[in-house]
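Here's the structure, in structure tokens; my notes come after.
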Amino acid sequence: MSSPAQLSRRTFLSTAAAATVADLVVGNRLSAEESLSTQTVTSPTADPVRQAPVFVSTWDFGRVANEKAMATLAAGGDMLDAIEQGIRETEVDADNHSVGFGGTPNADGVVQLDACIMNHLYNAGSVAAIEDILHPISVARLVMERTKHVMLAGAGARKFALEQGIEPTEMLTEERRQKWQQWLKTQQEMSLEESHDTIALVGCGTDGTLSGGCSTSGWGYKLAGRVGDSPIIGSGLYVDGQVGAAGATGLGENVMRYCGSFQVVEFMARGATPEEACIETVLSMGRKDPLPLKDMSLNFVAVDRFGRYGGAGSDAGFRYSVTTVEGSQSSDAVTVQE
Ligand code: GLY
């Protein structure tokens, strides 16, 4: 696992340990004519020995989700079961104000939730701006497994959930309702730190099977109907069963403009380790965007098919959690700044 560090583009390129793979992902940048999709999976050396199962998630609170995922796997569940059950733990935590029950509502005082799930076979399901549903991650899985669609939104997503036998739940807690009423008096925008603590959970099973999921109540006091990066396949989450999986937390409006998680996976496909792929994705966005990286809130976790993992982001306070058969730990991710 990486030690706390701050990286700029220059220090990343000059880091000796990163040099060989950095040559692949930075020095050997694809020309405009080349398509990412035409690149083959390459590894600079022999394949590393797989160290799995492993679950990696955003923030310290992800640890509980990781551990539930690991327990689900140990009890005979598959990787998708593990991801779903792990995220459900976070969704019921009323003290987490940016995911599920107890999440911060939109400007109208309604909790609208986004979630998605994806497996190693490029199957995906997603719900956006869904209301009154305790476990959006489970509805996302139902969309994947029981419909011909990938994504359902708003009233249609809620209707589908109820038709599947899910009971509606009031998701606005009294504590959040009072906070919202206070907010109505000033309507001051929430800070990034207060507002964007999505759970993204990715994992690699013992045999290298990859899966991932993502769930959030999104930007606190957002406009009704706003959808962030979290339910968008390729933005808040992406899984390529041949390569790796990545998930995002941060400001959805910025992550989704660059298909952040897809980029992380593509950097891994071209030889980067998960940590290097997260770093390079943040740097790539920073190079293109007029905003300074420090204001973009772009944070990623990733795992590859060998069970290697990492995290990096533009937020100095971004942390992530890892669980292996040996236990769990939460630590600072690499901070990437200009
Ligand atoms: N990353 C969560 C959101 O912006 O909604």
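If you read the sequence from its start, that first residue is 1, and numbering goes on from there. Numbering of ligands and ligand atoms starts at 1, following listing order. From a predicted model like this one, the values you see are computed outputs, not experimental measurements.
Using bins of under 30°, 30° to 60° and over 60° for the plane-to-plane angle, the ring pair F262/Y238 lands in the perpendicular bin.
Here's the thing with G250: one of its N/O atoms is less than 3.5 angstrom from an N/O atom of ligand 1. Taking only nitrogen or oxygen atoms, main chain and side chain alike, T198 reaches within less than 3.5 Å of ligand 1. Below 3.5 Å of separation, one finds no N or O of L251 facing any N or O of ligand 1. Considering both main-chain and side-chain atoms, T216 never comes within under 3.5 Å of ligand 1 through any nitrogen or oxygen pair. The shortest N or O to N or O distance between D229 and ligand 1 is under 3.5 Å.
For the residue pair Y309 and D304, no side-chain donor N or O sits within less than 3.5 Å of a side-chain acceptor on the partner. No hydrogens or angles considered: a donor-acceptor pair under 3.5 Å links the side chains of Q178 and E174. At a cut-off of 3.5 Å, with distance as the only test, a side-chain donor of N96 or S98 sits close to an acceptor on the other residue. A donor-acceptor pair shorter than 3.5 Å can be found between the side chains of R176 and T104.
The residue K222 has no part lying near ligand 1, judged by heavy-atom distances below 4.0 Å.
Listed by number with element, the atoms of ligand 1 under 4.0 angstrom from any heavy atom of S230 are 1 (N), 2 (C).
When each of D289, L251, D315 is checked for a side-chain contact (heavy atoms from CB on, under 4.5 Å) with M296, only D289 meets the rule.
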